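Here's the structure, in structure tokens; my notes come after.
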2 protein chains.
Amino acid sequence: MARAGLTPDRVRDAAIELVRAEGFEELSLGALARELGVRVPSLYNHVTGLDALRATVAAAAVLALDEALSEANTLETIAHAYLAFARTEPGLYRASLRAPDPENTHHEAAALRVLERIEEALSEFPLGPDERIDAIRGLRALLHGFVELTLAGAFEMPRPIEVSLDAVLAVFRRGLETFPAT
Amino acid sequence: MARAGLTPDRVRDAAIELVRAEGFEELSLGALARELGVRVPSLYNHVTGLDALRATVAAAAVLALDEALSEANTLETIAHAYLAFARTEPGLYRASLRAPDPENTHHEAAALRVLERIEEALSEFPLGPDERIDAIRGLRALLHGFVELTLAGAFEMPRPIEVSLDAVLAVFRRGLETFPAT
DNA sequence: CATTAAAAACTAATAGCGTTAGTTTTAACC
DNA sequence: GGTTAAAACTAACGCTATTAGTTTTTAATG
């Protein structure tokens, strides 16, 4: 019937657009099929199933996040880039949180790259190995928590989020700078 | 048929137990009805629907979190109590994240109380009004982010989570102590 | 004690989801 | 032009939540 001309790539791209527009939770085979002008079972010619589709989108999302962080190399710049990505692409950010399938090398590599960028943002501080682990965990928690609360609308507005982020980063920086001198 | 003798309270309690045992995402009317030895539609005699049931569990979860934090009044003790609650009751913790319905006064009050406890943990620091807002946001982000990454298993094990939390709190504390002196 | 009435449980049905099996149709290639 | 493989389809199943309508049980009331 007039064949829609789908391919795995086209399906994936449409899924990504759907996630960008509606959010990761809104990704369903029904919505995707509607978007592509096709019946739901037809998607199975191009995708293993919903779970695999989610995994594919997640991989692309991590790649996008990695890209968004590529210009940043200091504590402050990476934090702002991270928050900015989450705010402009909340759907992709949520998707990026999905743990990569161990078999998906590209996905895992990209996730590792993001982690390394965060690690790199702490390289200016002279930290011992254990301290470094703690600092990375702390920074990740800070970034993720800040984003999560921001997206959830948990921060009532009056004071701009970015200003608070800067202040918190200043606290974190100060703590790190005086930390080795315990 | 032999009437199971359900009440809204018993249904709510069973839902809470189910969430504690299986997680908030696993809460479904099917699972709950099975647990109570009743058919699914029978639940509607005691609950408006799944969404209301989730809201009820969420309210109870926030109450439990508030209770778990009740003994803590310093930065360090509240952080550890927070993490401990999330680790021992991951289902309830996840449930507690659901935004309260504005009409549910008890729920909103409990959520506010949790917030006040976090705020109280910062009272020892001499901060200006704006700085205080930033510090609260930062601490909330830190706690929530830490918990989230811990539950997600994002922190590979070798180094104990609590040790890292202590280190991060020390950094945060140090930063706060030297902050006003900018 | 019998009757009435409310509430609790039921069955049946609908609409949505993802998934599988089996069938038709389209397009490409020899 | 006929063969073949892939793409799309319909039909069906099992799972969700939900609503409507029915039976049954309990409790209260005359």
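Note on naming: letters A, B, ... go to the chains in the order of the sequence lines (proteins, then strands), and numbering restarts at 1 for each one. From a predicted model like this one, the values you see are computed outputs, not experimental measurements.
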For DNA chain D, find the residues of residues 6-17 of chain B with a heavy-atom distance under 4.0 Å and give them by number; none if there aren't any. none
Check: protein-nucleotides 5-7 of chain C nitrogen or oxygen pairs below 3.5 Å:
unit_1	atom_1	unit_2	atom_2	d
C/dA7	N3	B/R3	NH2	3.4

Could you tell me which residues satisfy ring pair (Phe, Tyr, Trp, His ring centres under 6.0 Å) with A/F155, sequence neighbours excluded, listed by chain and number? A/F146
Among residues at least two apart in sequence or on other chains, which ones pass side-chain contact (heavy atoms from CB on, under 4.5 Å) with A/A15? A/L27, A/L32, A/L53, A/V57
Mind checking side-chain contact (heavy atoms from CB on, under 4.5 Å) for A/T88 and listing every partner two or more places apart, or none if nothing turns up? none
Residues forming a side-chain contact (heavy atoms from CB on, under 4.5 Å) with A/T48, sequence neighbours excluded: A/A52
Take atom CG of B/L53 and atom P of D/dT16, then tell me their distance rounded to the nearest Å. 15 Å
Flag the pair A/E17 and A/R20 as a salt bridge only when some basic side-chain nitrogen lies within less than 4.0 angstrom of an acidic carboxylate oxygen. yes
By salt bridge (Lys or Arg N to Asp or Glu O under 4.0 Å) - contacts of B/E108 (at least two apart): none
With salt bridge (charged side-chain N to carboxylate O under 4.0 Å, His left out) as the rule and sequence neighbours excluded, what pairs involving residues 27-43 of chain A come up? none
With the sugar-phosphate defined as primed atoms, P, OP1 and OP2, and the base as all remaining atoms, what B/S/- string results for nucleotides 14-22 of chain C, 5' to 3', for protein heavy atoms under 4.0 Å? ----SBB--
With A/F85 via ring pair (Phe, Tyr, Trp, His ring centres under 6.0 Å) - residues at least two apart: none
Strictly below 4.0 Å: does A/S42 bring a side-chain N or O up to OP1 or OP2 of D/dA7? no
Euclidean distance, atom CZ of residue B/R39 to atom C1' of D/dT16 [Å, nearest integer]: 16 Å
Once side chain to side chain donor-acceptor pair (under 3.5 Å) is applied, what residue pairs with a partner in residues 69-82 of chain A remain, sequence neighbours excluded? A/T74-A/T77, A/E76-A/R173, A/H80-A/D166, A/Y82-A/Y93
For B/D13, enumerate each residue passing the salt bridge (Lys or Arg N to Asp or Glu O under 4.0 Å) test, keeping only those at least two apart in sequence or located in another chain. none
